[in-house]
Amino acid sequence: MDSIDRRLLDDYQHDLPLDPRPFAAIGRDLGIAEDEVIARLDRLRQHGTVSRVGAVVRPNVAGASTLAAMAVPVEWLERVAALVSAYPEVNHNYQRDHRLNLWFVVACADRAGVAMVLLDISRRTGLEVLDLPMLEHFHIDLGFGLQWT
Amino acid sequence: MDVNDRELALISALSGGLELCAAPYARLGLVVGMSEAEVIATLSALRERGIIRRLGVIVRHHELGYRANAMVVWDVPDHQVGEVGRRLGQCPEVTLCYRRPRRLPDWPFNLFTMVHGKDRAEVEAAIAGMAVREGVDHYPRHALFSLKRFKQCGARYSQRQAAE
């Protein structure tokens, strides 16, 4: 990763140019060709450093979502986690160090869809699923300032 | 602050990210039946209204060396949670700040903040420093560090999935 990659990661988290040729516009900023901007972003995406070039949408605008938590017996954790991850509606799924040890986000077109997924997971695992929908958000997402040192 | 069907279709089509090609807005337009100019105008309007909070490169913290993340949860009296949430939501240490319901007796916490760092010690120091600095150290809190990431991708709000 060189200084151009770092600027690609740091400087374009917020306002991708709304120009018919956004990567050409970025290339002009960085002094490289449009093709190279695209190739670099593609490589960073393949490495997993970049998740996508896209939008972060305010929660619950496009559909409904919730944060769900389960207390899964440790010996079942891998299996239950795989079952949960297999739902296309689940977009984050983490083990955390708490009695409630499995935390995941469910997003659907509407609240009923979310409820159905939670119910299905609960039914298939025989475990309780805590439903913790967002009630209010306080943070304006400005991206993530990276410290390269 | 609603979005119309066309806007929703565009947001949904964008959920997997822009195609990395010379004219990504034109490509997106093909998917949703909009002209390139209409895609750009619609995205611009959604940005202005705060529906799209940001449009750009979305990085993965973990792959960039930010190996530790904690979901720090707080139990704040209901009449104070708005004020405390606004304060913590502005902290540079915090990348997300949400109020969520308590689920008693299992779960007494009603304010959720995410804190990322290079390692656990750095995150713990950031949390402790922030709690004192912001005057919220007296509220019960707990830091749930992530031990394993099973899945992480952008939200996909497709109608089809919900109908299944």
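Proteins get letters first, then strands, A, B, ... in listed order; numbering begins at 1 in each. Keep in mind it's a predicted model, so treat the numbers as computed, not measured. Excluded from the calculations below are hydrogen atoms, water molecules and symmetry mates; all remaining heavy atoms, backbone and side chain alike, are included.
- Only the side chain of B:Leu111 comes within contact range of chain A, judged by heavy atoms closer than 4.5 Å.
- In this structure, B:Lys151 contributes its side chain and A:Phe104 its backbone to no donor-acceptor pair below 3.5 Å.
- Heavy atoms of B:Tyr25 lying under 4.5 Å from chain A belong exclusively to its side chain.
- Looking at B:Arg103 and A:Glu128, their side chains never come closer than 4.5 Å, going by heavy atoms from C-beta outward.
- Of all the listed residues (B:Ala41, B:Pro24, B:Ser44), the one sharing the greatest number of non-hydrogen pairs under 4.5 Å with chain A is B:Pro24.
- Between chain A and the residues B:His142, B:Gln90, B:Glu7, the largest count of heavy-atom pairs under 4.5 Å involves B:His142.
- Side-chain contact check for B:Arg53 and A:His137: at least one donor-acceptor pair (N or O, by modelled atom type) lies under 3.5 Å.
- Across all non-hydrogen atoms, the minimal contact from A:Arg45 to B:Leu18 is NH1-O, 4.3 Å.
- At a 4.5 Å heavy-atom cutoff, the contact between B:Ala23 and chain A is made by backbone and side-chain atoms alike.
- When each of B:Phe150, B:Trp107, B:Phe112 is checked for heavy-atom pairs under 4.5 Å with chain A, B:Phe150 comes out on top.
- Proximity to chain A is limited to the side chain of B:Arg47, based on heavy atoms less than 4.5 angstrom apart.
- Side-chain atoms of B:Arg54 come within 3.5 Å of backbone N or O of A:Gln13 as a donor-acceptor pair.
- When side chains are defined from C-beta on, B:Arg102 does not count as touching A:Leu132, because their heavy atoms never get closer than 4.5 Å.
- For the pair B:Lys148 and A:Asp97, the salt-bridge criterion is not met [side-chain N within less than 4.0 Å of a carboxylate O].
- For chain A, the option among B:Ile58, B:Leu46, B:Ile52 with the highest count of heavy-atom pairs below 4.5 Å is B:Ile58.
- Among B:Ala37, B:Ala26, B:Cys97, B:Cys21, the residue with the largest count of heavy-atom pairs under 4.5 Å with chain A is B:Cys97.
- The most heavy-atom pairs under 4.5 Å with chain B, out of A:Pro20, A:Ala69, A:Pro17, A:Ala71, come from A:Pro20.
- Proximity to chain A is absent for every atom of B:Asn110, based on heavy atoms less than 4.5 angstrom apart.
- Residues A:Thr49 and B:Val59 are not in side-chain contact: their nearest non-hydrogen atoms beyond the backbone lie 4.5 Å or more apart.
- Counting only heavy atoms from C-beta outward, the side chains of B:Arg100 and A:Leu130 never approach each other to under 4.5 Å.
- Only the backbone of B:Val81 comes within contact range of chain A, with at least one heavy atom under 4.5 Å from a heavy atom of that chain.
- By number of non-hydrogen pairs under 4.5 angstrom with chain B, the leading residue of A:Leu100, A:Leu18, A:Asn101, A:Val50 is A:Leu18.
- Heavy atoms of A:Glu34 lying under 4.5 Å from chain B belong exclusively to its side chain.
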